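Here's the structure we're looking at; comments come further down.
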Number of protein chains: 4
Amino acid sequence: MTAGPEAVRAARGEWRRSQIVDAATALLSTQGYHQMSVNDLAQEAGISVGTVYQYVKNKEDILLLVMRDILEAYRHNVPRAMEGFDDPLDRLSSGFGAYCRVVDSRRAGTILAYRESSTLAKDALSEMKSLEEETTGLLVTCLRECVEAGILHEHDSDTLAWDLTMLAHMWSLKHWHFGSRMSIDEYARLQFAVVVSAIIHQEVTTRYEYLARPLHRLR
Amino acid sequence: MTAGPEAVRAARGEWRRSQIVDAATALLSTQGYHQMSVNDLAQEAGISVGTVYQYVKNKEDILLLVMRDILEAYRHNVPRAMEGFDDPLDRLSSGFGAYCRVVDSRRAGTILAYRESSTLAKDALSEMKSLEEETTGLLVTCLRECVEAGILHEHDSDTLAWDLTMLAHMWSLKHWHFGSRMSIDEYARLQFAVVVSAIIHQEVTTRYEYLARPLHRLR
Amino acid sequence: MTAGPEAVRAARGEWRRSQIVDAATALLSTQGYHQMSVNDLAQEAGISVGTVYQYVKNKEDILLLVMRDILEAYRHNVPRAMEGFDDPLDRLSSGFGAYCRVVDSRRAGTILAYRESSTLAKDALSEMKSLEEETTGLLVTCLRECVEAGILHEHDSDTLAWDLTMLAHMWSLKHWHFGSRMSIDEYARLQFAVVVSAIIHQEVTTRYEYLARPLHRLR
Amino acid sequence: MTAGPEAVRAARGEWRRSQIVDAATALLSTQGYHQMSVNDLAQEAGISVGTVYQYVKNKEDILLLVMRDILEAYRHNVPRAMEGFDDPLDRLSSGFGAYCRVVDSRRAGTILAYRESSTLAKDALSEMKSLEEETTGLLVTCLRECVEAGILHEHDSDTLAWDLTMLAHMWSLKHWHFGSRMSIDEYARLQFAVVVSAIIHQEVTTRYEYLARPLHRLR
DNA sequence: GATGAATGAGTTTTCATTCAT
DNA sequence: GATGAATGAAAACTCATTCAT
């Protein structure tokens, strides 16, 4: 069962592109996008400039590849982590935890997304935004379900979903502060508790203590 | 009482530098630091390139000037807003509000700080970090005082202070989302409530309802 | 009578080279030599770059092939058109007509010869020049025969032969002007009349009216 | 009477641009446009690349400058040479002579116009064409006046004007042939005679023998 | 002190050519 | 013989910085 030549080509393309993404991520974490020359990138990736341009349209395309890689990781891991939970707050917690773990696994890339999104052309930027909104949308939905289930108070779900997202990103953005003080799982649990305890119904706090235990009892 | 020639020089320097900061801020809000050429900047400022370089060592120096301008605004406005309150939670609320208003008044600059910090040289970067920590430190102190006063539960004050800072910055970072939905004052009040209601003592909620009213009653 | 393997190889070579010339001619008519990449050429020819380089030393070689193709067409068609005429002016007219028709059939190539001759290396250039002089030489000879036959006045045959050549090329070079106004045969007849009527003996004008009818009676 | 700073700037611009045109003409006469790198050009002109780009938008702009220089020379010299003649055939002769002398003075540029016109963008090309047509138009008008004055037979003035133009250009295009055999003035007289004697009225040939002496009596 | 023309190192991108499969 | 991915030298162009006026 031999694969056709297009399959081979596609596979090589994937491989090359991942080489490029890896090298770019490595370089971009220590320097800015503008500081990184394509020649440097090629060297880091162990290939020639010409080869880079065989798999990438522009330098901007490299950025796009890196950012798409992160956003795709969200899009893949977050929904998967939310499957199989009947309780909406459990679901939310699991989703947020997954989100944080993706952030942790691509810290450089997350920072990049903040730093360089203005570099992207109009349509690339809106592609990125809609990918981001897709994942945030899952959190919004889940928050609404918690309200319907009587777990959380009526509130501005949009804002709180963005708060969760932002606090997850903060793990990257302020990693120089948090990295040495706690693990990503502790961080996720802590920040989840901050947001949720602000809106949880008094009556169910005990039931969900394992998720959103009052902060003063977390440690 | 004539000022010496050095005083004249210093004053002119101040003036020129503020011209430069203003022009840079204007340009940087629509384009990145790397997209902004020093020629553009000079034109925007209405002076010549040569003059720019008379008051600035580098292009990086311009960035530094702009960022320092913001951080100085924090350093000046936040403490001033915290003066004259006996109650530590009132003080915290007022400080956070001031912080948010500075963020609002220099939205472009705030984004800049995230985008371009990697551009800065080592020592410039740590100067910026220590300026930022100085202001965050005020919030940390205040949170501790709230704990001592029995208003807030014992908690990780560092983390929560950074949460407050981060959520303030979020007004800039996600302004495309929030800008059209609420005013900066509503935003400040909302986010303050989120963080504080997570750790406020049950017994004092009523007393501080004007500050940290449960979210479901905020609107 | 089986052909030896070298014969097979030579035949394949011919075929490949003609593929290349055809593709090159097609591309060169819409874009310049420098704008045409060897990859484009290979694609147009339906073969791979590697194969192109198996039958061609350089990119310049491709240019040479195309130009040689035109000059060979002159070398082949012009003498053939001049065969079988007793009268030297008839012969000249037929030769010039054939020359014009070759120009018309390879308009792109003719322009190319003007555009890109500076691209050719020294020896390639002189090869081209001597091929061109070979054909022009036929016209020179014929003009001289006309003089000997008492049809044309004594004149500078070299110059007039080049005039004829140049005016033939002009059909390509200014095709945007002439293309829509007359056919190639009308054009050939017109220009032939211009040159010949300048030197024809008064006494024979009537005899040759079918060839070099005074311009004012041409239409 | 001091000139304003804009005047100074404009003058410098003129000077720089003429430096660039001169250097470009020199290089382009020995190599093609594509072979000429902007770095080479700058070196030849004795200035830096940066300076070149301060006075020129693109590399294509350089080509444009060179070609415009020639076409402007036609536009200036040809009408001037045609002034002050009552007789239209005298006028035509003088205009053609001037045209040929411009060709001679910018031989490299004339070849360039043939070689590189396809390199120009659409609108630049049509600017060039209309400049060329402007000058050719003068010849067309003059030919028509000769017809009206009963000097020349009714004929296709457009075609003959282009023939004159083409034959003038030929002095550049085939200079390797003609350059060593005659002067530009002899050449102009010869080619003028070729074209005109094809259409001159029998009755006036004697009158204009100084202009269009039958070719067999030219030498 | 102010100006802005000049500089040239450095960046992105292309493409002729090679060579392992 | 045929393929086409890989190469890297070379080109156009930019822009931070300097310095003569």
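None of the values given here were measured: they were computed from a predicted structure. Every chain is numbered from 1, with letters handed out A, B, ... down the list of sequences.
Taking 4.5 Å as the limit, every side-chain heavy atom of L112(A) sits out of range of all side-chain heavy atoms of T25(A).
One atom, CD1 of I62(A), and another, C1' of dT11(E), lie 13 Å apart when rounded to the nearest Å. Taking atom CD on Q43(B) and atom P on dA16(F), their separation rounds to 14 Å, with Å as the unit. Between Y53(B) atom OH and dC15(F) atom P there is a gap of 12 Å when expressed in whole angstrom units. As a whole-Å value, the separation of D40(D) CG from dG8(E) P is 16 Å. For the pair R17(C) CZ and dA2(F) P, the interatomic distance rounds to 12 Å; values are reported in whole Å. Nucleotide dA16(E) holds its C1' atom 15 Å from the NE2 atom of H34(D), rounded to whole Å. Distance CG (L63(B)) to P (dA16(F)): 13 Å, rounded to an integer number of Å. Distance, M36(C) CE to dC15(E) P: 11 Å, rounded to whole Å.
Within the structure, salt bridge (charged side-chain N to carboxylate O under 4.0 Å, His left out) pairs that include any residue of residues 15-30 of chain C do not occur (at least two apart or interchain). Residue pairs meeting the ring-ring contact (aromatic ring centres under 6.0 Å, His included) criterion with at least one member in residues 107-129 of chain A, sequence neighbours excluded, are Y114(A)-H169(A). The salt bridge (charged side-chain N to carboxylate O under 4.0 Å, His left out) contacts involving residues 112-129 of chain B comprise R68(B)-E127(B), where partners must be two or more places apart or lie in separate chains. For residues 49-61 of chain A, every residue pair satisfying the side chain to side chain donor-acceptor pair (under 3.5 Å) rule, not counting sequence neighbours, is listed here: S48(A)-T51(A).
Within residues 20-33 of chain D, no residue has a heavy atom under 4.0 Å from DNA chain F.
Taking A113(D) as the reference, M67(D) meet the side chain to side chain contact (heavy atoms under 4.5 Å, CB included) condition, with sequence neighbours excluded. Residues that satisfy the salt bridge (Lys or Arg N to Asp or Glu O under 4.0 Å) test with R107(A), not counting sequence neighbours, are D104(A). The salt bridge (Lys or Arg N to Asp or Glu O under 4.0 Å) test applied to E14(A) returns no partner, not counting sequence neighbours. Applying the side chain to side chain donor-acceptor pair (under 3.5 Å) test to Q35(D) and every residue at least two apart in sequence or in another chain returns H34(C).
Stem analysis of DNA chain F (at least three stacked-register Watson-Crick or G-U pairs, each with both distances under 3.5 Å) gives E:2-21 with F:2-21.
Each of S37(B) and N58(D) was matched to the nucleotide of DNA chain F holding its nearest heavy atom; the match closer to the 5' end belongs to N58(D).
One finds the CG atom of L28(B) at 11.0 Å from the CD1 atom of I111(B) (value rounded to the nearest 0.5 Å).
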Let me check something: any side-chain donor-acceptor pairs from residues 38-45 of chain D under 3.5 Å, sequence neighbours excluded? List them with distances.
unit_1, atom_1, unit_2, atom_2, d
D40(D), OD1, S37(D), OG, 3.3
D40(D), OD2, S37(D), OG, 3.4

Atom pairs under 3.5 Å, N or O on each side, protein against nucleotides 5-7 of chain F: can you list them with distances?
unit_1, atom_1, unit_2, atom_2, d
dA6(F), OP1, R16(A), NE, 2.9
dA6(F), OP1, R16(A), NH2, 2.2
dA6(F), OP2, Y55(A), OH, 2.6
dA6(F), N7, Q54(A), OE1, 3.4
dT7(F), OP2, S48(A), N, 3.1
dT7(F), OP2, S48(A), OG, 3.0
dT7(F), OP2, T51(A), OG1, 2.6
dT7(F), O5', S48(A), OG, 3.4

